[in-house]
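Down below is the structure, laid out as structure tokens.
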Number of protein chains: 2
Amino acid sequence: MEDRKLTVRAVERALDILLCFTKSKELALTEIASLIGLHKSTVHRLMATLEDKGFVVRNSETEKYRLGLKIWELSVHMSQSDDPAARLLPAMESLRDRLGETVSLYLRDGAERIRIQAVQSNQAIRRVAQVGARLPLSVGASSKVLVAFAAPADQEELLNAPDWPESVDRDAYRKQLVDIIQDGYAISMEEREPGAAAVAVPIFDRNGKVAAALSMSGPVTRLSAEKLREYAPILKEAAHEMGMMI
Amino acid sequence: MEDRKLTVRAVERALDILLCFTKSKELALTEIASLIGLHKSTVHRLMATLEDKGFVVRNSETEKYRLGLKIWELSVHMSQSDDPAARLLPAMESLRDRLGETVSLYLRDGAERIRIQAVQSNQAIRRVAQVGARLPLSVGASSKVLVAFAAPADQEELLNAPDWPESVDRDAYRKQLVDIIQDGYAISMEEREPGAAAVAVPIFDRNGKVAAALSMSGPVTRLSAEKLREYAPILKEAAHEMGMMI
DNA sequence: AACCAGGTTTCATGTAATGAAACGCGAGAG
DNA sequence: CTCTCGCGTTTCATTACATGAAACCTGGTT
């Protein structure tokens, strides 16, 4: 209990409850209680508050909770014309058309990355990327890009975090990062998902910080390492233009 | 102070803060404080909590707050394949193509309605409907539909609410509702917006409750009262089909 | 330099959040 | 038909913790 928390516990708990709904979209009271480890009466009170304000609604039959209209409303007002995912969509689409493979955009969020936009290849065999998916930073081309160009302090924190997977050797990973910074791109062959390969590049904002990672991905059968490297300059060029739009 | 509140004050306040961002998408600490009438130190603590959990982020230059990634993430997980707005979109588009005018979908939320989906007419002169807009229940074709088919208890509560606008005569309104229930549709000529006319019908769910209002709207120059009445059956038919999809 | 308008931190105070326990209630089970 | 179990709801004593006044920073203006 060193540094006193300058946050509000009740609110933290309420927000944690909301975040439960990214895992499952319908939850019962007791489920939530056990999920975040609180007494059901406490959760009940918090849920009543959330429901009162329209952040959750309850299914009148099952009595389970789901996210409410207010969340939707906030998201609408958020994404109106200023969210990068919407602004970069056209550029991503033209890149997809040029490359013929699925193109995705990732943001780093703490010790994870999150796919905020994706346009699918229209080939018969293709990677299907779900928008909103949360993925680890330990594997995948975009992950390595996001980590490689992160602030050194962040980088070490991520690598030394207790939940860094055993299976990923830290030193080997660090070594890769050096190359990635030099090359300006990262590739991955079936790192996270069997059968999938990808190449990713950073998108820098005006201040020269990584704003996002742009990736192209598809089946290994179509994408050899050499082929990925060929594509890298095209991605870089697109990323540079996108950086101007952020 | 009759019935004790079974909600959590700190959480209520935090949620109120989040809702401020439907009005303005970037807010400074003091703005928020005055907006909801709290001391800035209290707001600061609440904001720190919201920021910590990623529900708001602050613009590093202006120091102002805006909604964060978590809100977006929640909304993505919410609307994946189960939100009516997405499921009804194709039906609305075909209706728009058939009628040539803007088609909108409204939900009642308390004493307001909210436009959850809209497909725009592609004529040169057209109504432009913003998704996410919050509108009063006192005027407009969709409002009248939503009120007319609401539960009687709700209906009276709405009409007797202190914030019912003076300009709208309650008795005249009640009288209209009777006709609307009988006809199964409502029309409005420049009620809410000068130059705009609309016809709206209810969408019932399987239990026979109004789930939403479906409306077609356009410039009065194109849409006379007779013309609107002509369109009503087409809307009803579409609404019936949509009801099956909810 | 003096000021001001933000934001941040501190701290004493007592409100209000908490969780144990009791209550209600419907669904199966026996 | 009663019993019991699981789940949601309510009550209540306790004190942790949210609160807001005030002091403290900080960078920008006059």
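Within every chain, numbering begins at 1; the chains are lettered A, B, ... in the order of the sequence lines, protein sequences first and strands thereafter.
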Show me the side-chain donor-acceptor pairs of residues 46-56 of chain B shorter than 3.5 Å, one per line, residues at least two apart or across chains.
unit_1   : atom_1 : unit_2   : atom_2 : d
Thr49(B) : OG1    : Val8(A)  : N      : 2.9
Thr49(B) : OG1    : Arg45(B) : O      : 2.9
Lys53(B) : NZ     : Asp16(A) : OD1    : 2.9
Lys53(B) : NZ     : Asp16(A) : OD2    : 3.4

Check: residues 103-114 of chain B side-chain donor-acceptor pairs under 3.5 Å, at least two apart:
unit_1    : atom_1 : unit_2    : atom_2 : d
Tyr106(B) : OH     : Arg115(B) : NE     : 3.0
Tyr106(B) : OH     : Arg115(B) : NH2    : 2.9
Arg108(B) : NH1    : Gly110(B) : O      : 2.8
Arg108(B) : NH2    : Asp154(B) : OD2    : 2.6
Asp109(B) : OD2    : Arg134(B) : NH1    : 3.3
Asp109(B) : OD2    : Arg134(B) : NH2    : 2.8
Glu112(B) : OE1    : Arg134(B) : NH1    : 2.8
Arg113(B) : NE     : Pro136(B) : O      : 3.2
Arg113(B) : NE     : Ser143(B) : OG     : 2.6
Arg113(B) : NH2    : Val139(B) : O      : 3.1
Arg113(B) : NH2    : Ser143(B) : OG     : 3.4

Please report, to 0.1 Å, the donor-acceptor pairs under 3.5 Å made by any side chain of residues 237-246 of chain B, with sequence neighbours excluded.
none

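In this view, Asp163(A) and Ala161(A) satisfy the side chain to side chain contact (heavy atoms under 4.5 Å, CB included) rule, not counting sequence neighbours. Applying the side chain to side chain contact (heavy atoms under 4.5 Å, CB included) test to Thr22(A) and every residue at least two apart in sequence or in another chain returns Glu73(B), Leu74(B), His77(B). Scored by the side chain to side chain contact (heavy atoms under 4.5 Å, CB included) test, Pro152(A) finds no partners at all (sequence neighbours excluded). Residues that satisfy the side chain to side chain contact (heavy atoms under 4.5 Å, CB included) test with Ser24(A), not counting sequence neighbours, are Leu27(A). In this structure Asp169(A) satisfies the salt bridge (Lys or Arg N to Asp or Glu O under 4.0 Å) test with no other residue, sequence neighbours excluded.
Map Tyr65(A) and Thr7(A) each onto its nearest nucleotide of DNA chain D; the residue landing nearer the 5' end is Tyr65(A).
At least one side-chain nitrogen or oxygen of His44(A) sits closer than 4.0 Å to the OP1 or OP2 atom of dT9(D).
Residues from residues 9-17 of chain B that place a heavy atom under 4.0 Å from any atom of DNA chain C, listed by number: Arg9(B), Ala10(B). In the region residues 27-43 of chain A, proximity to DNA chain D at under 4.0 angstrom, judged on heavy atoms, holds for Ala28(A), Leu29(A), Thr30(A), Lys40(A), Ser41(A).
Atom-to-atom, CE of Met47(B) to P of dG6(C) comes out at 16 Å; the value is rounded to the nearest Å. Following rounding to the nearest Å, Glu63(A) (CD) and dC25(C) (P) show an atom-to-atom distance of 13 Å. Rounded to a whole Å, the CG atom of Leu6(A) is 12 Å from the P atom of dA18(D). With rounding to whole Å, Arg58(A) atom CZ is found 11 Å from dC7(D) atom C1'.
Applying the side-chain hydrogen bond (donor to acceptor under 3.5 Å, both in side chains) test between Tyr65(B) and each of Glu31(B), Lys25(B), Arg58(B) identifies Arg58(B) as the sole match.
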Considering only nitrogen or oxygen atoms on both sides, find all protein atoms under 3.5 Å from nucleotides 25-30 of chain D and state each distance.
none

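Looking at Glu156(B) and Arg174(B), a side-chain N of the basic residue comes within less than 4.0 Å of a carboxylate O on the acidic one, giving a salt bridge.
Judged by distance alone, with hydrogens and angles left aside, Arg45(B) brings a side-chain donor or acceptor within reach of the base of dG20(D), the pair sitting under 3.5 Å.
Counting only residues at least two apart or in different chains, ring pair (Phe, Tyr, Trp, His ring centres under 6.0 Å) contacts with residues 129-171 of chain A comprise Phe149(A)-Phe204(A), Trp164(A)-Tyr173(A).
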